[in-house]
Amino acid sequence: MSGRMGLALAGATVLIAAVLLPARAEAQFGLRGGPLGVARFAVGHMMGLSRLRHSRMAVRSSRYRSAALRSQDPRGAERGQPANPYVLRAALTAQAALAGWHGGRRTQGWWRHPDGNYGWVGPVFWPFAHDDLTNAVVLGDATSLSLYGYGDIYAAIFAPYAATELAAYTASQGRRGRRVPTAETLCDASDTGGLPVERVAEAVQPNELQRTALDELASAWNAARDTIRAACPAQVPTTAVDRLGLMRERLEAMIKAIDAVAPPLAKFTDLLDDDQKAKFEALGKGRRVALAAMQRKDVSKDAKASSACDPDSDPRYDEKLQRQYEQLVQQQWPANDIATTLRLDDTARARFEVLQDTALRTMQTLSACPSQTPETPQARLTAVKARLETMLRAVNGVADALDDFEADLSDEQKAGFEAIGPKRGA
């Protein structure tokens with residue numbers, strides 16, 4: 001009975017939010033499509049919801065330790081069985097993200113992605129950046145990459161971590177304490193094997209000239225990893241300005257990495273004949289088939305979840321979409337509380353509203369509703385770069401609005417603003 005009552009209340013909450021909140025958003029922020037349109041791009045890509053359930057179970061049962069974030073391939077096997085890379089990586093990032101949050105006492109955090117991963121893990125933004133680029137470009141799997149967007153920008157402005165919790169990621173703790181991985185360890189997590197050279201070679205059976213080009217591509221891929229790794233934070237970003245700055249640096253590093261691998265990737269694929277190109281493409285198709293086989297029990301649920309991007313989808317009548325929309329409602333901006341607590345004058349309040357509007361617009365700009373996956377690696381690389389550039393423009397726009405808002409704030413007001421995130425997370 002209590003479960004039904006809770007579901008009814010949740011449904012009522014979402015119904016109100018889906019009707020009233022988007023109407024306000026459409027009026028104030030110029031978002032198109034009415035209530036369902038706003039809900040649709042706010043909810044985003046829902047394909048990972050069933051994986052989220054499994055990753056939560058993995059974290060709660062403590063099967064994965066944050067120490068496992070050391071440089072290794074998260075697609076390894078457990079007990080002789082092939083591991084689901086989505087579930088395993090989600091468990092790893094969740095364990096690391098929550099290890100320093102409230103002393104590791106929480107089992108889940110509001111800033112997680114729909115697939116169970118975390119875009120912010122302590123002071124690090126996008127810890128598996130290199131891995132996501134490899135999956136998206138080489139294997140045609142942009143699932144994790146597509147889920148980065150508004151929620152990460154919101155988490156940068158209203159960080160869930162307190163300063164002391166972030167500081168815990170700067171050095172290893174003693175064995176007796178709960179292990180909090182260092183920022184360096186988290187950044188090294190992006191090195192999960194790089195380009196699968198031997199798999200590619202086995203598939204395409206390259207001749208000597210092609211093998212040389214493949215080795216050059218592998219070297220470029222490793223250099224791209226180093227470029228991204230160099231953008232790891234040397235110091236903990238303790239302010240919203242610093243966190244948005246880190247987001248900018250990481251995105252710029254990823255774009256630079258994409259540019260660096262583009263020429264050798266084109267050279268290698270141009271040397272392949274049609275049959276070899278088809279076999280190269282089959283690597284990604286095989287990965288997707290294998291993942292689907294691991295998740296047979298959830299196929300129908302995933303198919304239903306994917307309807308979030310269908311123009312006829314109504315999130316008010318889908319339990320999974322309701323949960324995601326509740327998360328969005330929870331993350332709405334406490335504008336009145338901020339204005340009152342910080343004692344903002346009319347000018348500062350107007351600037352804050354501009355900041356709010358600018359960030360909320362990124363929900364539409366960075367919608368995670370998937371488009372058709374390009375067939376070739378070069379086309380996928382171009383699509384990935386375009387997505388990263390769109391995200392970078394969104395971050396820069398929000399950063400400019402934040403600079404304007406904080407321009408005339410006192411140190412006390414700025415400190416009060418930084419305290420909002422941890423308080424809301426409590």
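No hydrogens, no waters, no symmetry mates; every other heavy atom, side chains included, goes into these values. Positions are given from 1 along the sequence.
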Ignoring hydrogens and angles, write down the donor-acceptor pairs under 3.5 Å from the side chains of residues 227-241, residues two or more places apart or on other chains.
from, atom 1, to, atom 2, distance (Å)
Thr227, OG1, Ala223, O, 3.1
Arg229, NE, Asp188, OD1, 2.6
Thr239, OG1, Asp242, N, 3.1
Thr239, OG1, Asp242, OD2, 3.1

I'd like to know if the side chain of [X] reaches the main chain of [Y], judged simply by a donor and an acceptor atom lying under 3.5 Å from each other, with no hydrogens or angles considered.
{"X": "Gln356", "Y": "Ala335", "result": "no"}
{"X": "Arg112", "Y": "Tyr118", "result": "no"}
{"X": "Thr341", "Y": "Ile338", "result": "no"}
{"X": "Trp221", "Y": "Val261", "result": "no"}

Result of checking Tyr148, Phe158, Trp101 against Trp111 for ring pair (Phe, Tyr, Trp, His ring centres under 6.0 Å)
Trp101
Closest heavy-atom pair and its distance - [X], [Y]:
{"X": "Thr362", "Y": "Ala394", "answer": "CG2-CB, 3.7 Å"}
{"X": "Leu272", "Y": "Gln210", "answer": "CA-NE2, 3.8 Å"}
{"X": "Thr134", "Y": "Pro196", "answer": "CG2-CD, 4.2 Å"}

Carboxylate-amine/guanidinium contact Asp131 Arg89, below 4.0 Å:
yes
Answer yes when Arg243 and Glu418 have at least one side-chain N-carboxylate O distance shorter than 4.0 Å, and no when they do not.
yes
State, with a plain yes or no, whether a side-chain heavy atom of Tyr150 is found less than 4.5 Å away from one of Leu366.
no
Are His130 and Leu133 packed together at the side-chain level, in the sense that at least one heavy-atom pair is separated by less than 4.5 angstrom?
no
Start with the C-alpha gap between Arg211 and Glu216, add the side-chain angles, then the distance that decides, and say whether salt bridge (charged side-chain N to carboxylate O under 4.0 Å, His left out) holds.
CA-CA 9 Å; Arg211 180 68 203 211; Glu216 291 175 358; over 6 Å; no
Does the ring centre of Tyr161 sit less than 6.0 Å away from the ring centre of Trp120?
no
Let me see the working for Thr390 and Arg387 under side chain to side chain donor-acceptor pair (under 3.5 Å), right down to the final yes or no.
CA-CA 5 Å; Thr390 300; Arg387 172 74 181 189; over 6 Å; no
What side-chain hydrogen bond (donor to acceptor under 3.5 Å, both in side chains) pairs are there with at least one residue in residues 395-405, not counting sequence neighbours?
Arg248-Asn396
Distance only, no hydrogens: is a donor on one side chain within 3.5 Å (strictly under) of an acceptor on the other, for [X] and [Y]?
{"X": "Thr358", "Y": "Arg361", "value": "no"}
{"X": "Thr185", "Y": "Thr182", "value": "yes"}
{"X": "Trp126", "Y": "Asp152", "value": "no"}

So, taking the atom named CG in Leu342 and the one named CZ in Phe352, what distance separates them when rounded to the nearest 0.5 Å?
8.5 Å
So, taking the atom named OG in Ser144 and the one named CG in Asp115, what distance separates them when rounded to the nearest 0.5 Å?
4.5 Å
Is atom CG of Asp346 surrounded by more than 12 heavy atoms (other residues, nucleotides or ligands) closer than 6.0 Å?
no
Partners of Asp259 by salt bridge (Lys or Arg N to Asp or Glu O under 4.0 Å), sequence neighbours excluded?
Lys385
Verdict with reasoning, Glu375 to Lys277, per salt bridge (charged side-chain N to carboxylate O under 4.0 Å, His left out)
CA-CA 10 Å; Glu375 291 294 329; Lys277 288 178 181 178; over 6 Å; no
